[in-house]
Amino acid sequence: MKRLIQFFQLSEVFGYFVRVFQKPDPSRPNTSYLRMMHGINRISIIMFLFCIGVMLYRFFTR
């Protein structure tokens, strides 16, 4: 049971979403590839949330 709870622990996932939209930490490495990756991830997260909103709107209006 403990292993199952540990498997579904989502705090690291939500922590990443918060970390992507924060200012960069000066103690972490900062390369152009890392900046591009975080930029693409921001766009993906925003598009995903927008699509979820559209799907919910369509679900409740039909």
Side-chain angles (χ1 to χ4, degrees):
M1 184 68 175
K2 195 175 207 178
R3 186 174 176 181
L4 186 65
I5 292 172
Q6 185 180 13
F7 181 74
F8 285 109
Q9 189 174 15
L10 297 175
S11 62
E12 292 182 24
V13 174
F14 291 120
Y16 177 76
F17 288 139
V18 172
R19 195 172 56 240
V20 166
F21 289 103
Q22 287 180 345
K23 284 187 173 183
D25 187 11
S27 65
R28 292 187 150 202
N30 193 6
T31 63
S32 60
Y33 296 118
L34 188 63
R35 284 194 307 267
M36 281 190 271
M37 181 192 69
H38 284 298
I40 291 170
N41 285 347
R42 285 183 190 121
I43 293 169
S44 300
I45 292 168
I46 291 169
M47 287 178 62
F48 174 76
L49 293 174
F50 176 75
C51 291
I52 292 292
V54 169
M55 289 172 60
L56 288 173
Y57 174 76
R58 287 184 177 183
F59 178 76
F60 288 118
T61 58
R62 291 181 183 201

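Side-chain atoms are counted along with the backbone in the values below, which use heavy atoms only and exclude waters and symmetry mates.
Note that the CD1 atom of Ile46 and the CG atom of Leu49 stand 8.0 Å from one another [nearest 0.5 Å]. With values rounded to the nearest 0.5 angstrom, Arg62 atom CZ is found 9.5 Å from Tyr57 atom OH. The OG1 atom of Thr61 sits 10.5 Å away from the CG atom of Leu56 when rounded to the nearest 0.5 Å. Expressed to the nearest 0.5 Å, how far CD1 of Ile40 lies from CZ of Arg35 amounts to 13.0 Å.
Follow the hydrophobic side-chain contacts under 4.5 Å out from Phe59 and you reach Ile52 in the same cluster.
Under a 4.5 Å side-chain heavy-atom cut-off, the cluster of Ile, Leu, Val, Met, Phe, Trp and Tyr residues that includes Phe50 is completed by Val54. Leu34 shares a hydrophobic cluster with Met37; the chain of contacts runs through ILVMFWY side chains whose heavy atoms sit under 4.5 Å apart.
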